[in-house]
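Remember, it's 1-based here, ligands and their atoms both numbered in the order they're listed.
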Amino acid sequence: MVSTVIIGSERSETGLPAGMDVLRRGGSALDAVEAAMRRCEDNLADHYVGTGGLPNAQGVVELDASVMLGSDRRFGAVGALRGYPNAISVARAVLERLPQHCLLVGEGAALFAQENGFAAAELLTDESRALWREQLLTAVDSVEGENTAAADGDHRYRRAALDLVRRMSPHEGPWGTINIIALDAHGELCVGVSTSGYPFKYPGRVGDSAVPGAGNWCDLRGGGAACTGRGELSMRGGTARTVVDLLALGKEPSDACRIALQETASLPDDYRAELRALALTPDGRHGGAAGQDGSVYAVMTEGSTGPELHPRCVA
Ligand code: ASP
């Protein structure tokens with residue numbers, strides 16, 4: 001039997017204990033990832049995933065999510081899903097109940113959720129609507145962080161977002177996806193990613209969280225990896241896939257994440273903002289990297305009493 005582990009990006013602590021309970025009872029990595037991610041998606045205080053996520057340029061919440069299994073690289077995902085709070089479960093249903101496809105978006109994703117009995121709900125809360133407005137008002141003057149290429153890019157993105165929102169809604173006046181990776185007692189690995197995506201995005205924009213190889217990749221020959229941050233960069237960089245390829249070549253998880261992020265950072269990008277990566281191997285080693293100092297990820301093993309935070313190395 002393999003020693004089980006579950007890891008997650010910043011703010012996954014809300015869900016990891018539920019995932020570890022599943023693993024301790026002998027449950028699958030897929031069940032563990034789903035149980036953990038649903039807790040995060042249902043956390044109304046988290047504005048970057050599930051209910052209460054920040055909306056697009058028209059003020060509508062659109063969710064992206066995916067799950068991938070390491071043994072056979074089955075992948076299920078939804079993009080720009082409106083009206084269904086637990087995008088991770090709909091992504092899992094795509095993987096299990098629609099094996100002829102991997103990814104559904106927009107209306108088709110919502111139709112599939114409805115056909116499969118998922119309950120529809122309003123995803124925009126009063127708090128996330130207020131935050132959306134507040135961030136717009138401060139979009140041009142303030143961006144957290146220092147005077148780096150990432151902060152400049154983020155600033156430029158927000159200025160462009162403001163223009164977009166003005167154009168799209170003329171009458172209306174720490175970002176981050178959650179990644180969770182689990183290793184079960186049978187040695188299966190599962191990577192789950194869920195997000196409301198970049199606030200103020202163009203309606204219909206699908207980010208890396210739903211795209212295999214970009215924000216999510218899992219292959220037992222190397223490990224599982226996931227990204228948070230500027231999805232357009234990890235889509236162009238194939239970043240999660242690169243991390244796993246480096247693991248397969250024998251790199252340690254934090255080195256694999258660091259090298260993959262450095263490669264991605266070599267791409268020109270006017271809207272550059274921070275990108276982070278996280279990885280777990282089939283023998284339970286884990287690590288992460290980020291463009292900035294001070295980033296962490298959360299870990300639970302069988303003996304843990306709660307999530308422990310580990311530093312990510314700087315890419
Ligand atoms: N990766 C997400 C996206 O591009 C956003 C994030 O992690 O902040 O939609």
May I ask you to check if ligand 1 and G229 share an N or O to N or O distance below 3.5 Å?
yes
Sorted by chain and residue number, the salt bridge (charged side-chain N to carboxylate O under 4.0 Å, His left out) partners of E13 (sequence neighbours excluded) come out as none
TODO: Could you check E96 against L30 for side chain to side chain contact (heavy atoms under 4.5 Å, CB included), going step by step and ending with a plain yes or no?
DONE: CA-CA 11 Å; E96 291 181 325; L30 180 57; 3.5 Å; yes
Check this for me - ligand 1, C227, N or O atoms closer than 3.5 angstrom, yes or no? no
Requested in this report: Classify the ring geometry between Y157 and Y271 as parallel (under 30°), tilted (30 to 60°) or perpendicular (over 60°).
Outcome: perpendicular
T177 heavy atoms within 4.0 Å reach ligand 1 at atoms 1 (N), 2 (C), 5 (C), 6 (C), 7 (O), 8 (O)
Heavy-atom proximity to atom 4 (O) of ligand 1 ranks first, among M235, R205, E274, for R205
Numbered in order shown, the ligand 1 atoms found under 4.0 Å of a heavy atom of G197 are 9 (O)
From the list T301, L16, I181, L183, side chain to side chain contact (heavy atoms under 4.5 Å, CB included) with I7 holds only for I181
Note: ligand 1 atoms sitting under 4.0 Å from heavy atoms of T228 are 7 (O)
A student checking ligand 1 against D208 at a 4.0 Å heavy-atom cut-off should list atoms 1 (N), 2 (C), 3 (C), 4 (O)
So the ring pair (Phe, Tyr, Trp, His ring centres under 6.0 Å) pairs with at least one residue in residues 289-315 (sequence neighbours excluded) are H286-Y297, H286-H310, Y297-H310
Apply side chain to side chain contact (heavy atoms under 4.5 Å, CB included) to the pair L164 and Y202, showing each step before the final yes or no. CA-CA 8 Å; L164 190 59; Y202 198 98; 3.7 Å; yes
Note: ligand 1 atoms sitting under 4.0 Å from heavy atoms of Y198 are 5 (C), 6 (C), 8 (O), 9 (O)
